[in-house]
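Report on the following structure.
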2 protein chains.
Amino acid sequence: MTASPARLSPTQLGAYFAFTEVSALLRHAVEKQLRDVGRLSYVQFQLLARLGDSPDGRQRMTDLADGVVYSRSGLTYQAQLLEERGLVTRSPSPEDERSTVVAVTDAGRTVLAEVFPGHVELVSSLLFGDLSDGDVDELARILERTRDNLRAIPPRSAAPRRRRTP
Amino acid sequence: MTASPARLSPTQLGAYFAFTEVSALLRHAVEKQLRDVGRLSYVQFQLLARLGDSPDGRQRMTDLADGVVYSRSGLTYQAQLLEERGLVTRSPSPEDERSTVVAVTDAGRTVLAEVFPGHVELVSSLLFGDLSDGDVDELARILERTRDNLRAIPPRSAAPRRRRTP
DNA sequence: TATTGTTATACTCTATAACTATA
DNA sequence: TATAGTTATAGAGTATAACAATA
């Protein structure tokens with residue numbers, strides 16, 4: 001290890017390295033499952049899942065972009081792919097003609113349903129397979145706090161998102 | 001192990017979503033810092049860091065590929081980029097003429113040193129900024145257990161070549 | 001034959017900037 | 001002018017397969 005004015009304790013280093021390795025391995029496994037079972041990229045799955053969770057299965061492009069950390073053009077690209085496969089539809093919003101509303105189709109929900117069990121199985125075994133209920137409680141508490149911290153601090157690191165101009 | 005119809009408890013769901021979001025936001029921030037300060041991709045940073053941690057600052061391509069989850073060609077590509085910038089050298093191994101030994105140069109160590117403080121600062125503030133020492137202890141304990149579990153279970157998804165045949 | 005690494009190639013993904021159209 | 005979204009394009013990254021060289 002390099003000697004430098006680091007502010008990370010050995011325990012913090014351990015937590016950080018473990019975090020990054022768990023993250024990489026889990027992500028790899030999940031992406032492979034999504035690709036193999038549903039021919040979905042991770043982003044496409046996120047989009048479908050968000051739409052599936054929406055009350056009416058539809059959301060505006062901008063709202064989707066806010067949820068997934070993405071550039072507008074990247075979102076357009078992925079939405080096009082999903083539309084070509086018939087998993088979503090895109091149509092102009094009646095309220096605001098500038099907006100595009102994306103909606104999951106039945107085919108999209110079918111793919112979601114095909115992919116979901118294996119996805120849950122993976123997370124269940126890989127992420128939680130060796131943890132007690134108490135561990136999971138702790139993990140949820142700590143990570144949710146960290147997530148809130150992350151949400152609050154840097155809104156600038158990601159792509160240019162300008163919902164509101166200060 | 002888990003029964004066939006695996007399910008995630010609300011707490012598990014919370015932990016999973018928080019984990020993925022923290023992972024994505026942290027990774028985004030780290031990649032930006034590495035790119036801005038050192039013009040390094042995340043993989044390039046990993047390679048440099050591994051070499052910097054090695055006793056003599058050198059490792060074989062295969063050993064590097066084993067550490068970082070990568071295909072051989074992908075590693076060759078990244079090593080080429082690093083070599084073009086003069087951050088590493090590649091030379092045939094004296095012991096085994098088939099092997100290529102990658103070594104960090106002084107320039108490489110300089111870039112590492114330039115990048116490291118900001119990297120540590122990011123992790124310190126984003127990942128641990130809102131956590132107590134006790135939280136960090138818990139996080140390290142739980143994630144290290146999960147990491148060990150992950151290392152044991154999967155047959156290495158992206159393994160084109162095995163070092164050893166079982 | 002098996003292993004190490006490179007090359008050739010094709011594909012996916014992402015972002016920036018220019019553009020259209022609506023508000 | 002500002003916003004929503006698309007398009008054009010360019011670049012980075014990755015993987016697979018064929019390949020050469022060495023063991």
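In what follows, every chain begins at residue 1, and chains take the letters A, B, ... in the order their sequences are listed.
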Report the residue (A:Tyr42 or A:Glu97) whose heavy-atom-nearest nucleotide on DNA chain C is the more 5′ of the two.
->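 Closest to the 5' end, via its nearest nucleotide, is A:Tyr42.
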
With DNA chain C as reference, determine whether A:Leu81 or A:Glu95 sits nearer its 5' end, using the nearest nucleotide of each.
->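 It is A:Leu81 whose nearest nucleotide is closer to the 5' end.
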
If you draw a 6.0 Å radius around CZ in B:Arg90, do more than 12 non-hydrogen atoms from other residues or ligands fall strictly inside?
->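 Above 12, so yes.
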
Should we count CZ of A:Phe116 as having more than 12 external heavy atoms under 6.0 Å?
->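 At most 12 heavy atoms, drawn from other residues, nucleotides or ligands, come within 6.0 Å of this atom.
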
Does the side chain of A:Arg90 get closer than 4.0 angstrom to OP1 or OP2 of D:dT6 through an N or O atom?
->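 True: A:Arg90 side-chain N/O within range (under 4.0 Å) of D:dT6 OP1/OP2.
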
Establish, with yes or no, whether the OP1 or OP2 oxygen of D:dG13 is under 4.0 angstrom from a side-chain nitrogen or oxygen of B:Ser41.
->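 Yes, because at least one side-chain N or O of B:Ser41 sits under 4.0 Å from OP1 or OP2 of D:dG13.
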
Just checking B:Thr100: base, sugar-phosphate only, or nothing, at a heavy-atom cut-off of under 4.0 Å?
->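 Contact class for B:Thr100: sugar-phosphate only.
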
Using whole Å, report how far [atom1] of [X] lies from [atom2] of [N].
{"X": "A:Glu31", "N": "D:dG13", "atom1": "CD", "atom2": "P", "result": "16 Å"}
{"X": "A:Arg98", "N": "C:dC19", "atom1": "CZ", "atom2": "P", "result": "20 Å"}
{"X": "A:Arg72", "N": "C:dC19", "atom1": "CZ", "atom2": "P", "result": "17 Å"}
{"X": "A:Gln80", "N": "C:dC13", "atom1": "CD", "atom2": "C1'", "result": "13 Å"}
{"X": "B:Gln59", "N": "C:dT4", "atom1": "CD", "atom2": "C1'", "result": "16 Å"}
{"X": "A:Leu34", "N": "C:dT12", "atom1": "CG", "atom2": "P", "result": "16 Å"}
{"X": "B:Met61", "N": "C:dT3", "atom1": "CE", "atom2": "C1'", "result": "14 Å"}
{"X": "B:Glu84", "N": "D:dA12", "atom1": "CD", "atom2": "P", "result": "11 Å"}

Of the nucleotides C:dT22, D:dA12, D:dT6, which has the atom closest to the B:Tyr77 side chain?
->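 Comparing C:dT22, D:dA12, D:dT6 against the side chain of B:Tyr77, the answer is D:dA12.
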
Could you tell me whether B:Glu138 and B:Arg141 have a side-chain N and a carboxylate O separated by less than 4.0 Å?
->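 B:Arg141 and B:Glu138: salt-bridged.
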
Could you tell me whether A:Tyr42 and A:His28 have their ring centroids closer than 6.0 angstrom?
->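 Not under 6.0 Å, so no.
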
Between atom CG of A:Leu126 and atom CD of A:Glu121, what is the distance when rounded to the nearest 0.5 Å?
->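 It is 8.5 Å, given to the nearest 0.5 Å.
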
Would you kindly check whether a donor in the side chain of B:Ser73 faces an acceptor in the base of D:dT16, or vice versa, at under 3.5 angstrom?
->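 Yes, a donor-acceptor pair under 3.5 Å.
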
